[in-house]
Amino acid sequence: MRKAYCGIGVALFAVQGVLSPVLAADAPIDITWAKLMPPAQQMNALKPKTFFAGSQPAPDDGGAPPPPLAEGGFMSVKRKQPGGNQPPRVVTEYNGKRVKIGGYVVPLDFEATSVKEFLLVPFVGACIHVPPPPANQIVYVKSEKGFEIGGQFDPVWVTGTIKTEPAFTGLADAGYTIDADAVEHRKE
């Protein structure tokens with residue numbers, strides 16, 4: 001009887017040795033927003049800026065204000081986005097990899113509280129109340145089955161295959177695209 005148990009134990013150990021690399025290969029890579037920035041851009045982001053750094057306000061020429069947009073027309077206007085005049089600088093080493101990243105949802109395609117397409121951004125209110133972040137700090141996410149959103153600013157975890165394909169939306173340009181396997185609510 002002991003020989004039978006011993007044989008079963010050896011067999012299970014052998015199966016575990018064969019399957020564990022397969023299961024580990026399927027595990028997503030945890031990434032942070034900083035890892036989506038190319039190294040040169042990370043160095044620039046770390047440099048402290050003085051209070052007076054930045055652009056100067058345009059002088060008021062006293063001209064007429066721009067004409068009002070038609071209702072709903074704000075989505076057709078290109079928003080000023082850092083680096084928006086050139087292709088997004090992305091980190092290609094993650095292309096085609098299964099990843100997990102946390103962020104905040106900016107819904108694009110939704111029905112009631114079910115969201116199927118959205119922008120994943122690193123901080124609350126990005127793309128809505130302030131100029132959007134650079135394209136390499138925005139991920140366009142497609143969730144085939146969708147997910148139920150609890151609140152507009154709830155944080156989520158997104159797991160899926162990331163691609164370094166830019167996506168152009170009415171709100172902002174995204175440097176990455178994820179086909180989501182799972183979108184889960186997370187606690188901050």
Side-chain angles (χ1 to χ4, degrees), residues 21-46 74-76 78-188:
V22 173
L23 294 174
D26 194 38
I29 302 167
D30 284 330
I31 59 173
T32 61
W33 290 98
K35 290 181 180 179
L36 295 180
M37 294 171 51
Q41 193 173 359
Q42 286 178 4
M43 294 305 293
N44 291 338
L46 296 177
F74 72 94
M75 290 292 282
S76 64
K78 177 94 169 129
R79 297 183 70 186
K80 186 174 168 119
Q81 188 170 0
N85 55 347
Q86 49 194 309
R89 297 180 58 216
V90 294
V91 178
T92 57
E93 73 182 66
Y94 295 116
N95 193 29
K97 304 274 172 118
R98 193 161 181 269
V99 299
K100 181 177 182 180
I101 186 170
Y104 297 88
V105 174
V106 178
L108 296 174
D109 180 18
F110 56 92
E111 189 172 312
T113 59
S114 178
V115 179
K116 290 189 175 188
E117 293 181 23
F118 61 93
L119 297 177
L120 186 69
V121 295
F123 54 89
V124 173
C127 301
I128 297 174
H129 301 296
V130 295
N136 61 17
Q137 293 293 286
I138 300 176
V139 179
Y140 173 66
V141 181
K142 295 182 283 187
S143 176
E144 189 74 29
K145 54 188 170 186
F147 75 100
E148 292 296 316
I149 191 166
Q152 187 174 6
F153 299 114
D154 288 348
V156 296
W157 287 110
V158 175
T159 304
T161 304
I162 193 168
K163 299 175 198 157
T164 54
E165 296 174 359
F168 307 101
T169 70
L171 289 178
D173 298 342
Y176 299 93
T177 301
I178 291 182
D179 293 321
D181 300 334
V183 179
E184 304 163 328
H185 296 279
R186 70 178 169 106
K187 295 184 180 176
E188 287 193 83

Only distances under 3.5 Å count here; give the side-chain donor-acceptor pairs of residues 138-146 to other protein atoms, sequence neighbours excluded, each with its distance to 0.1 Å.
unit_1, atom_1, unit_2, atom_2, d
Tyr140, OH, Glu117, OE1, 2.4
Ser143, OG, Gly146, N, 3.3

* To do: Dump the intermediate steps for side chain to side chain contact (heavy atoms under 4.5 Å, CB included) on Leu120 and Val156, then the final yes or no.
  => CA-CA 9 Å; Leu120 186 69; Val156 296; 3.8 Å; yes
* To do: Using the test side chain to side chain donor-acceptor pair (under 3.5 Å), find all partners of Glu148 that sit at least two apart in sequence or belong to another chain.
  =>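 Side chain to side chain donor-acceptor pair (under 3.5 Å) check on Glu148 returns Thr113.
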* Positive for side chain to side chain contact (heavy atoms under 4.5 Å, CB included) with Pro155, one of Arg186, His185, Lys187 ->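 Only one option passes, and that is Arg186.
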To the nearest 0.5 Å, how far apart are [atom1] in [X] and [atom2] in [Y]?
{"X": "Thr169", "Y": "Leu119", "atom1": "OG1", "atom2": "CG", "answer": "4.5 Å"}
{"X": "Ile31", "Y": "Ile162", "atom1": "CD1", "atom2": "CD1", "answer": "4.5 Å"}
{"X": "Thr159", "Y": "Ile29", "atom1": "OG1", "atom2": "CD1", "answer": "12.0 Å"}
{"X": "Thr32", "Y": "Met37", "atom1": "OG1", "atom2": "CE", "answer": "10.0 Å"}

* Structure fact -> In terms of heavy-atom contacts, Leu171 and Pro132 come closest through O-CG, 4.1 Å
Donor-acceptor check, side chain of [X] to backbone of [Y], threshold 3.5 angstrom: yes or no?
{"X": "Thr164", "Y": "Thr92", "value": "no"}
{"X": "Trp33", "Y": "Asn136", "value": "no"}
{"X": "Tyr176", "Y": "Val91", "value": "yes"}

* Asked: Taking the side chain as C-beta and beyond, is there a heavy-atom pair between Val105 and Phe147 under 4.5 Å?
  -> yes
* **Test item: Val115 and Val183 side chains (from C-beta on) under 4.5 Å apart, heavy atoms** => no
* **Among Lys97, Lys163, Arg98, Lys116, the one residue meeting salt bridge (Lys or Arg N to Asp or Glu O under 4.0 Å) with Asp179** => Lys163
* To do: Only counting residues at least two apart or in another chain, list the ones meeting salt bridge (Lys or Arg N to Asp or Glu O under 4.0 Å) with Lys100.
  => none
